[in-house]
Amino acid sequence: METRVQTPGQLFQLTQTLEIPLFQRPYVWTEERQWAPLWEDVVRLIELRMAQAPTATHFLGAVVMQQSSGPMGFAAEYTLIDGQQRLTTLQLLLNAASSALRDAEQIASANNLRKLTLHDEDLGFEGVERLKVRHTNGDGIAFQEAMLASTPPTSEASPSAHLILSAHKFFYDRFTEWLAGGDHDHMPQRATSLAMTLSRGFEIVVITLGTDEDSQSIFETLNARGTPLTQADLVKNLVFQRLEAEGANIRTAYEASWRLFDEPFWTSEVRLGRFTLPQVSLFLNHWLVAQTGEEVRTPATFTRFKHWLDYENSGRVIDVVQALHARAVEYQKWVTAGGTREGAVDTVELFFYRSLAAGTRAATPLVLWLFDKANGIERSEAEEALRWFESWVVRRAVLGLTAADMSRSVAQLIRDLRAADPSAVAKALRTLLEQFDSPGNYWPPDTEMQRSLHAAPVYRTLPRSRLRMVLEAIEDDARGYTSERGAWSGSRVPRDTMNIEHVLPRQWRQNWPVSSEQAEIERDEHVHRLGNLTLLTTPLNSSVSNRGWSGKQEAMTRHDVLLMNRPLRDAMEWDEASIDQRTTANLNAVIRTWPVPEGHAVVPAVRKSEIDTSWIDFRHVVAVGLVEPGTVLRARGDRDATATVLADGRIDFDGTAYDTPSGAGKVARGGSTNGWAFWSLPDGRQLRQLKEPYRKLMEERRAGARSTRRMGSIPPASSNNGAPRNNPHDRVRPSSSAPSTNFV
């Protein structure tokens with residue numbers, strides 16, 4: 001066995017071929033998990049070598065190869081035992097860079113990199129034989145297409161494109177953008193720096209086995225034994241190596257500052273989307289974002305930390321460790337207190353409870369930055385800023401808006417706030433939030449909160465923890481916590497303990513009858529609205545919960561002490577008008593709890609019809625007369641299928657009644673479909689074209705109801721969702737982001 005540290009130039013310049021055997025798993029690396037972090041490392045290393053450290057390097061990992069025992073040709077042949085994902089990606093990276101350089105007319109640099117992926121034709125190599133890394137498994141054709149194409153792909157890779165082709169295009173596009181991003185007069189220097197960095201700046205541990213060594217046992221040892229190192233493990237190892245080099249007392253540093261991270265709170269796993277990782281790894285990532293003002297993907301935490309420690313940190317490593325410890329102690333206090341169910345909590349602790357209930361952890365770096373004493377921000381100023389920030393986080397979460405851009409937006413806020421006067425950070429943050437105007441980061445104004453939530457079936461659309469947190473805030477508002485006079489009714493409501501109860505029960509038909517089909521639809525669509533939901537200290541059993549109003553009222557208020565329920569005790573009846581009134585009152589409490597600046601009215605200039613009308617059920621459209629019962633619907637395309645609209649808003653197809661257009665469309669099409677687009681009216685319009693007229697009609701009715709209410713009477717209003725939906729096209733669910741897995 002021979003072990004060497006080699007650069008891509010040293011490994012691939014030789015006349016040798018590395019063969020990926022048939023039994024190796026196919027290529028599985030993806031943009032989010034591996035390509036994008038690798039690209040960030042490439043750019044950082046290029047710019048570092050150009051600016052201040054021309055000999056800087058970056059470690060890519062290890063590969064194991066074994067010399068072939070077969071007859072030797074002109075090129076030595078090796079079998080790649082381990083590291084095929086890494087080397088395949090590296091070859092695609094080098095080839096894509098060569099193509100981008102060639103297209104930028106930087107021929108010399110392009111040729112230098114091309115020699116690292118293809119054998120020279122002048123030596124007699126032709127076709128597939130030119131490849132310096134050769135796949136013999138199912139990836140072979142795609143790899144050949146990417147590496148041997150005379151021109152790179154010019155169109156967007158389709159979702160079904162092979163990952164190898166998508167990876168090549170990803171890197172080609174990034175290199176092309178990077179080359180075009182500089183001064184044209186300096187293009188040759190940039191091209192040379194690019195080629196030199198890729199060939200000499202990366203390091204790989206190459207383990208070469210002899211023909212008689214047991215490659216399988218070595219493969220098993222490398223891959224099947226032990227637990228993979230976490231990002232926190234890698235950071236810890238680096239830090240203590242550097243501490244030793246500084247001459248620090250390692251044991252003292254560990255006991256005083258790092259032992260904390262080995263305690264259960266920090267080693268426990270936390271969920272981030274579909275993945276879990278140790279609390280300490282997540283904290284280090286958030287701390288690093290606060291330090292750099294850059295979005296740092298979780299699998300790139302160690303790489304970015306190492307770069308920061310080597311080239312951006314001006315102090316001693318022991319100072320960094322002590323600062324980390326101090327922030328970690330504070331962070332643990334915030335999270336722990338935010339997780340308590342009763343008792344007083346301060347502004348930061350309450351933020352952590354609410355942001356976690358809202359389903360986001362990506363907001364944490366800004367909190368770490370605001371309350372870092374090194375930034376010189378007074379506590380009162382930081383708390384005021386945090387209240388504006390919480391409004392931005394919670395409003396977006398309650399509306400179910402995407403959180404995919406939150407990490408990027410938070411990093412941007414930190415960068416911009418660095419230039420602000422520490423005594424005016426709250427005002428600066430408020431202004432920055434007001435300026436956000438894209439769908440991924442805008443601050444929803446009061447008008448959108450009222451329009452979207454007044455008729456929304458929030459019990460169905462919001463996760464229970466998020467909905468409970470909103471109802472708790474409404475109770476806290478009743479206790480005076482959003483009043484300028486301050487709280488006047490004891491402590492905040494207990495957190496994450498109350499039971500969510502429907503005032504008008506979900507099973508209302510037996511004890512809450514109405515006189516017509518229209519009234520049934522009206523009642524169904526009010527059941528899950530904010531005004532029909534409340535908190536109770538103890539749950540009601542089903543028989544009590546489904547009683548008529550007088551019995552339900554008595555059971556709800558018998559032992560209840562919540563202020564939000566006091567108006568229910570005196571209500572003579574409970575109907576749709578009552579729910580509308582209470583929804584308005586609850587929304588006002590939500591808006592007081594999470595305010596926006598006066599006059600804030602930004603709405604992103606994008607098509608929002610899918611967001612604004614996602615709550616509409618087809619039977620509501622039928623109920624208001626936009627479609628007549630008996631209307632014959634036709635299927636999309638060349639299909640002869642037809643369906644009939646029934647009086648109750650269901651759709652009859654082939655003798656079976658379906659609750660939704662998508663339910664009928666799935667059977668007619670033979671697979672899942674968006675029924676609103678699948679079925680067309682006799683005049684050719686798709687069903688989805690009825691959503692906007694219905695939405696406008698509901699807006700007019702609500703406006704009329706508000707006007708009448710001001711004059712003293714409240715007619716019932718109709719609006720949105722009622723029946724359960726089983727097809728994803730029939731409703732919009734809040735989205736989530738998921739972290740990547742390790743690149744190295």
J.: Who are the ring pair (Phe, Tyr, Trp, His ring centres under 6.0 Å) partners of H135, not counting sequence neighbours?
T.: F143
J.: Determine, stepwise, if the pair V63 / D82 fulfils side chain to side chain contact (heavy atoms under 4.5 Å, CB included).
T.: CA-CA 5 Å; V63 299; D82 193 32; over 6 Å; no
J.: Working to the nearest 0.5 angstrom, can you tell me the gap between I204 CD1 and F59 CZ?
T.: 9.0 Å
J.: Is it the case that the side chain of R49 and the backbone of S193 share a donor-acceptor pair, with hydrogens and angles ignored and the cut-off at 3.5 Å?
T.: no
J.: Return yes if some donor-acceptor pair links the side-chain N/O of R396 with the main-chain N/O of G440 below 3.5 Å, else return no.
T.: yes
J.: Checking Q322 side chain against A256 main chain: does a donor-acceptor pair fall under 3.5 Å?
T.: no
J.: Measure the acute angle between the ring planes of H168 and Y172, then classify it against the limits of 30° and 60° as parallel, tilted or perpendicular.
T.: parallel
J.: Any heavy-atom pair between the side chains of S98 and T117 that's under 4.5 Å?
T.: no
J.: Any donor-acceptor pair under 3.5 Å linking the side chain of Q6 with the backbone of V206?
T.: no
J.: For the atom pair CG (L101) and CZ (R190), what is the distance rounded to the nearest 0.5 Å?
T.: 11.0 Å
J.: Considering all heavy atoms of both residues, which atom of H119 and which atom of E129 are nearest to each other, and what is their separation?
T.: CD2-O, 3.4 Å
J.: W266 vs F283 aromatic rings, parallel, tilted or perpendicular, using cut-offs 30° and 60°?
T.: perpendicular
J.: Any side-chain heavy-atom pair from L90 and L93 closer than 4.5 angstrom?
T.: yes
J.: Would you say T136's side chain and I20's backbone share a donor-acceptor pair under 3.5 angstrom?
T.: yes
J.: If we only count heavy atoms from C-beta on, is the F171 to T89 side-chain gap below 4.5 Å?
T.: yes
J.: Inspect the surroundings of CZ in R251 and state if more than 12 heavy atoms from other residues, nucleotides or ligands are less than 6.0 Å away.
T.: no
J.: When you look at K306 and D41, which way does the salt bridge (charged side-chain N to carboxylate O under 4.0 Å, His left out) test go after all the steps?
T.: CA-CA 11 Å; K306 184 175 184 294; D41 294 338; over 6 Å; no
J.: Looking at CD of Q91 and CD1 of I164, how far apart are the two atoms once the value is rounded to the nearest 0.5 Å?
T.: 11.0 Å
J.: Apply the ring pair (Phe, Tyr, Trp, His ring centres under 6.0 Å) test between H58 and each candidate in F302, Y311, F202; give the one that qualifies.
T.: F202
J.: Let me confirm one number: the CZ-CG distance from R86 to L38, rounded to the nearest 0.5 Å.
T.: 10.0 Å
J.: Which heavy atom of K236 sits nearest to which heavy atom of D262, and what is that distance?
T.: NZ-OD2, 3.7 Å
J.: Restricting to non-hydrogen atoms, name the atom on Q231 and the atom on P299 that form the minimum distance, rounded to 0.1 Å.
T.: OE1-O, 3.2 Å
J.: Compare all side-chain heavy atoms of Q332 with those of V329 and state whether any distance is below 4.5 angstrom.
T.: no
J.: How many angstroms lie between atom NE2 of H307 and atom CG of L48, to the nearest 0.5 angstrom?
T.: 4.5 Å
J.: Please check if atom CD1 in I141 has more than 12 non-hydrogen atoms from other residues, nucleotides or ligands closer than 6.0 Å.
T.: no
J.: Would you say CD of E244 has more than 12 non-hydrogen atoms from neighbouring residues, nucleotides or ligands within 6.0 angstrom?
T.: no
J.: Considering residues, nucleotides and ligands other than E177, do more than 12 of their heavy atoms fall under 6.0 Å from its CD?
T.: yes
J.: Can you check whether R408's main-chain N or O pairs, donor with acceptor, with E294's side chain at less than 3.5 Å?
T.: no
J.: Please step through side chain to side chain contact (heavy atoms under 4.5 Å, CB included) for the pair V133 and F12, ending with a clear verdict.
T.: CA-CA 9 Å; V133 173; F12 294 126; 4.0 Å; yes
J.: Quick one: does any side-chain atom of S268 pair with a main-chain N or O of F265 as donor and acceptor, under 3.5 Å?
T.: yes
J.: Take E330 and R327 through the test salt bridge (charged side-chain N to carboxylate O under 4.0 Å, His left out) and record every step on the way to the result.
T.: CA-CA 5 Å; E330 198 169 24; R327 302 320 315 284; 3.3 Å; yes
J.: Does one side chain, of N285 or T298, offer a donor that lies under 3.5 Å from an acceptor on the other?
T.: no
J.: If every non-hydrogen atom of L14 is compared with every non-hydrogen atom of K132, which pair is closest and at what distance?
T.: O-NZ, 3.4 Å
J.: So for atom CZ, which belongs to R134, do other residues, nucleotides or ligands contribute more than 12 heavy atoms lying within a distance under 6.0 Å?
T.: yes
J.: Nearest heavy-atom pair of L94 and P8: which atoms, and what distance?
T.: CD1-CB, 4.4 Å
J.: Under the side chain to side chain contact (heavy atoms under 4.5 Å, CB included) criterion, do L131 and L118 qualify, and how do the steps go?
T.: CA-CA 5 Å; L131 296 173; L118 300 175; 3.7 Å; yes
J.: Please report the C-alpha distance between N112 and M196 in whole Å, then the side-chain angles of each, then the deciding distance to 0.1 Å, and finally whether the side chain to side chain contact (heavy atoms under 4.5 Å, CB included) criterion is met.
T.: CA-CA 9 Å; N112 286 336; M196 292 288 287; over 6 Å; no
J.: Are W39 and W178 close enough that their ring centres sit under 6.0 Å apart?
T.: no
J.: Taking the side chain as everything from C-beta on, heavy atoms only, tell me whether D139 gets closer than 4.5 Å to T88.
T.: no
J.: Using the salt bridge (charged side-chain N to carboxylate O under 4.0 Å, His left out) rule, pick out the option among E295, E40, E312 that qualifies with R304.
T.: E312
J.: Is the backbone N or O of F352 less than 3.5 Å from a side-chain atom of S355, with the two atoms forming a donor-acceptor pair by type?
T.: yes
J.: Taking atom types as modelled and ignoring hydrogens, do the side chains of D233 and T230 form a donor-acceptor contact shorter than 3.5 angstrom?
T.: yes
J.: Rounded to the nearest 0.5 Å, how far apart are OH of Y78 and CD of E19?
T.: 14.0 Å
J.: In the structure I gave you, are the side-chain heavy atoms of R4 and T208 within less than 4.5 Å of one another anywhere?
T.: yes
J.: Do R114 and N95 have side chains that get closer than 4.5 Å, going by heavy atoms?
T.: yes
J.: Name the atoms and distances for all side-chain donor-acceptor pairs under 3.5 Å in residues 358-371, with sequence neighbours left out.
T.:
{"residue": "T360", "atom": "OG1", "partner": "A362", "partner atom": "N", "Å": "3.3"}
{"residue": "R361", "atom": "NE", "partner": "R271", "partner atom": "O", "Å": "3.4"}
{"residue": "T364", "atom": "OG1", "partner": "R361", "partner atom": "O", "Å": "3.0"}

J.: Which atoms form the tightest heavy-atom contact between S438 and N441, and what is the distance?
T.: OG-OD1, 2.9 Å
J.: With a 4.5 Å limit on heavy-atom distance, are the side chains of T192 and S109 in contact?
T.: yes
J.: Give a yes or no answer on whether the side chain of Q106 reaches the backbone of R102 with a donor-acceptor pair at less than 3.5 Å.
T.: no
J.: Do side-chain atoms of Q10 reach the backbone of T7 as a donor and acceptor pair under 3.5 angstrom?
T.: yes
